[in-house]
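This structure is a prediction, so every number in the text was calculated from the model and none was measured. Proteins come first, then strands; the chains are lettered A, B, ... in the order of their sequence lines, and each starts at number 1. We use all heavy atoms of the structure for the numbers below, so side chains are in, but hydrogens, waters and symmetry mates are not.
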2 protein chains.
Amino acid sequence: MRRQSQKEFLEGYDASEFERPSVTVDLVMFTAMDRSLKVLLIRRGQQPFSGSWALPGGFVEMEETLEEAAARELEQETGVSAEGVYLEQLYTFGDPGRDPRTRVITVAYFALVDSSAITPKVTGQEEISDVRWFSVRELPKDMAFDHRTILEYAVKRLRNKLEYTAVGLELLPDQFTLSELQSLYETILGEKLDKRNFRKKTLSMGILQPTKGYRKGGHRPAMLYQFKDAKPSSTFKRTRFERG
Amino acid sequence: MRRQSQKEFLEGYDASEFERPSVTVDLVMFTAMDRSLKVLLIRRGQQPFSGSWALPGGFVEMEETLEEAAARELEQETGVSAEGVYLEQLYTFGDPGRDPRTRVITVAYFALVDSSAITPKVTGQEEISDVRWFSVRELPKDMAFDHRTILEYAVKRLRNKLEYTAVGLELLPDQFTLSELQSLYETILGEKLDKRNFRKKTLSMGILQPTKGYRKGGHRPAMLYQFKDAKPSSTFKRTRFERG
DNA sequence: ACAAAAGTGTTCCTAATACACCCATGA
DNA sequence: TCATGGGTGTATTAGGAACACTTTTGT
């Protein structure tokens with residue numbers, strides 16, 4: 001009796017002969033606004049979880065890859081082209097019962113988008129709208145399905161990834177100051193970082209390039225930096241920027 | 001027209017109303033034998049890819065979690081209980097066309113099993129059998145579907161994970177010598193490690209306990225070690241055991 | 001002149017690396 | 001006695017972490 005389902009797997013089969021779960025893609029879309037980390041959520045209008053906030057997502061169509069499905073969702077929600085957007089498969093959640101209606105297996109992706117590229121519709125803080133950017137620190141209490149779990153998993157992954165890669169850059173517009181970058185890292189990691197160590201480390205990675213521009217406003221103008229090439233996913237040493 | 005598929009997603013729906021992909025779980029099962037890293041493969045008897053080697057896998061049943069499906073496959077293939085076996089979701093592969101018959105999305109898991117716990121049936125090197133442990137260095141040329149990609153992805157992940165965690169221990173039997181452990185790390189990482197540094201580092205992790213036993217055989221007997229508690233997944237510093 | 005953020009160097013310390021010889025056993 | 005793998009310690013170095021003051025601008 002061993003290798004029972006293996007036998008099933010090996011056999012040719014009629015695609016319609018088994019009862020099957022549905023497959024969706026859900027998207028945890030992060031951006032940085034007001035120096036804080038935001039996630040895009042959508043208010044549900046239907047049961048179940050009507051009125052609750054949910055991650056954007058949808059069915060995987062028969063002729064598209066999972067990445068394509070995720071990119072399609074991304075474009076639909078933000079209006080930005082998924083070109084150059086950092087998109088990474090997060091995890092697949094498939095517990096029976098995570099959707100009260102049927103078995104739905106969802107492949108979660110997380111995306112890091114540059115807030116300056118987002119269309120006005122979604123950028124606005126219109127409370128009336130059913131699409132909103134939530135600060136990760138102030139998530140709604142009622143979230144649909146297991147979306148809170150997915151979201152927390154994504155935050156954990158992002159935080160972790162931040163400690164040994166430069167993905168944080170993906171969240172910022174083309175030009176930014178080092179203080180903005182540091183501030184972003186601080187809000188995501190939830191701790192103060194040392195300014196000198198942070199600068200030393202990020203600059204020593206050699207992926208940032210100072211521009212001619214300065215960010216004026218308030219007091220002493222800050223030099224603007226940009227990525228050297230296209231968006232990098234350069235890896236650096238797995239350490240943290242300790243202390244403040 | 002934006003949020004089209006979101007609408008679909010939010011709406012209650014009849015589970016049978018959409019065309020859906022099938023969902024399987026595939027398993028990359030690693031073990032350590034003869035100081036080399038092995039993977040379990042199964043020879044297919046049917047088209048497509050008849051005669052090619054494939055990862056064990058099967059359909060996800062409607063009432064089980066993905067982990068349960070993976071554990072079920074594991075038990076079916078090895079005869080060991082999945083209790084205490086390291087099992088981790090690897091990645092979900094879903095390109096249309098990866099299975100020539102229908103759209104099949106597969107959630108790949110990787111498992112680290114202690115070779116001493118495996119039932120004789122599968123342990124034997126019986127060439128006639130359609131189930132075999134392959135050394136990762138000598139994979140068959142013809143592998144079914146995208147299973148070679150999945151396998152390579154798994155090896156990469158394992159190798160990477162080895163550099164900052166103690167998962168390697170999961171591959172060994174309860175008692176082992178430090179040389180066996182080092183030798184395993186060396187074959188997985190594909191490089192020589194320095195004996196003194198390796199010992200210093202693993203022992204300083206504090207998760208190993210010397211036993212009273214010695215491994216006799218050949219020459220000077222080696223002290224046997226075991227894990228302190230249950231199987232740990234302790235993390236240590238992300239560095240390598242450089243040089244030999 | 002003062003408030004506020006930008007910018008900059010050095011010391012300390014931990015941890016990784018490189019490296020070579022003696023030990024216990026079986027044949 | 002010799003061949004084989006087991007076992008051990010130290011010096012060097014690289015990189016992370018801690019830490020405080022000067023500069024530039026706007027008001």
Side-chain angles (χ1 to χ4, degrees), chain A residues 34-35 160 162-166 172 175-187 189 191-226 234-244, chain B residues 34-36 162-166 172 175-187 189 191-226 234-244:
Chain A
D34 325 316
R35 299 196 169 190
N160 191 44
L162 221 55
E163 288 179 4
Y164 64 102
T165 65
L172 291 173
Q175 303 210 342
F176 50 88
T177 69
L178 289 184
S179 294
E180 285 163 0
L181 182 62
Q182 179 176 349
S183 173
L184 173 66
Y185 268 67
E186 287 173 345
T187 52
L189 296 176
E191 64 187 314
K192 277 283 177 194
L193 304 175
D194 180 79
K195 213 198 316 185
R196 283 160 295 187
N197 292 340
F198 183 84
R199 283 163 184 254
K200 218 182 307 170
K201 194 161 175 179
T202 47
L203 291 176
S204 75
M205 290 174 59
I207 60 171
L208 295 187
Q209 201 169 32
T211 66
K212 289 285 161 199
Y214 286 86
R215 171 95 69 226
K216 295 178 206 263
H219 300 281
R220 175 172 176 179
M223 170 152 292
L224 287 167
Y225 287 81
Q226 62 186 184
S234 356
T235 300
F236 56 92
K237 270 287 176 53
R238 187 186 247 278
T239 9
R240 343 232 342 246
F241 306 89
E242 295 298 334
R243 265 315 226 92
Chain B
D34 325 316
R35 298 196 170 191
S36 110
L162 222 55
E163 288 179 2
Y164 63 100
T165 65
L172 291 174
Q175 303 212 342
F176 50 88
T177 69
L178 289 184
S179 294
E180 285 163 0
L181 182 62
Q182 179 176 349
S183 174
L184 173 66
Y185 268 67
E186 286 173 346
T187 51
L189 296 176
E191 63 187 316
K192 277 282 177 197
L193 304 175
D194 181 79
K195 213 201 312 186
R196 283 161 295 188
N197 293 340
F198 183 83
R199 283 162 184 255
K200 216 184 307 170
K201 195 160 173 177
T202 47
L203 292 176
S204 75
M205 290 176 58
I207 59 171
L208 294 187
Q209 201 167 33
T211 66
K212 289 285 162 199
Y214 286 87
R215 170 97 66 228
K216 295 178 205 266
H219 300 282
R220 174 173 176 179
M223 170 152 292
L224 287 168
Y225 286 81
Q226 62 186 182
S234 357
T235 300
F236 57 93
K237 269 289 174 55
R238 189 186 246 279
T239 8
R240 339 223 354 237
F241 307 89
E242 296 298 334
R243 265 318 224 89

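- Atom-to-atom, CZ of B/R215 to C1' of D/dG5 comes out at 14 Å; the value is rounded to the nearest Å.
- Distance check, rounded to the nearest 0.5 Å: CG of A/L224 to CD of A/Q209 gives 13.0 Å.
- Donor-acceptor pairing under 3.5 Å, judged by distance alone, is present between the side chain of B/R196 and the base of C/dA20.
- Heavy atoms only, all atoms of each residue included: A/T177 and A/A222 are closest at CG2-CB, 3.6 Å.
- Comparing C/dG7, D/dT8, D/dG26 by their closest approach to the side chain of A/H219 singles out D/dG26.
- Nucleotide C/dA5 holds its P atom 18 Å from the CG atom of A/L181, rounded to whole Å.
- For A/Q182 and C/dA5, the CD to C1' distance is 12 Å, given to the nearest whole Å.
- Judged by distance alone, the side chain of B/Q226 and the main-chain N or O of B/T211 form no donor-acceptor pair under 3.5 Å.
- B/R220 contributes no side-chain N or O that forms a donor-acceptor pair with the base of D/dT4 under 3.5 Å.
- Between A/N197 and the choices A/K201, A/K200, A/R199, A/K195, the side chain to side chain donor-acceptor pair (under 3.5 Å) rule is met once, by A/K200.
- With D/dC19, D/dG9, D/dT25 as the choices, the nucleotide that has an atom nearest any side-chain atom of A/N197 turns out to be D/dC19.
- Across the protein-nucleic acid pair, B/K195 atom NZ and C/dC22 atom P stand 14 Å apart, rounded to whole Å.
- Here the P atom of nucleotide C/dT8 and the CG atom of A/D194 are 14 Å apart, to the nearest Å.
- Proximity of A/Y225 to A/L172: side-chain heavy atoms (C-beta onward) are nowhere separated by under 4.5 Å.
- For A/R199 and D/dA20, the CZ to P distance is 18 Å, given to the nearest whole Å.
- Remark: B/S179 is not in phosphate contact with D/dG5, judged by side-chain N or O atoms under 4.0 Å from OP1 or OP2.
- A donor-acceptor contact under 3.5 Å is not formed by the side chain of B/K216 with the base of C/dG26.
- In this structure, A/P221 and B/E180 both approach DNA chain D, and ranking their closest nucleotides by distance from the 5' end singles out B/E180.
- Straight-line distance from the NZ atom of A/K201 to the C1' atom of C/dG9: 18 Å, rounded to whole Å.
- Comparing A/K200 and A/Y214 by the nucleotide of DNA chain C whose heavy atom lies nearest to each, the residue mapping closer to the 5' end is A/Y214.
- The distance between atom CE of B/M223 and atom P of C/dA24, rounded to the nearest whole Å, is 13 Å.
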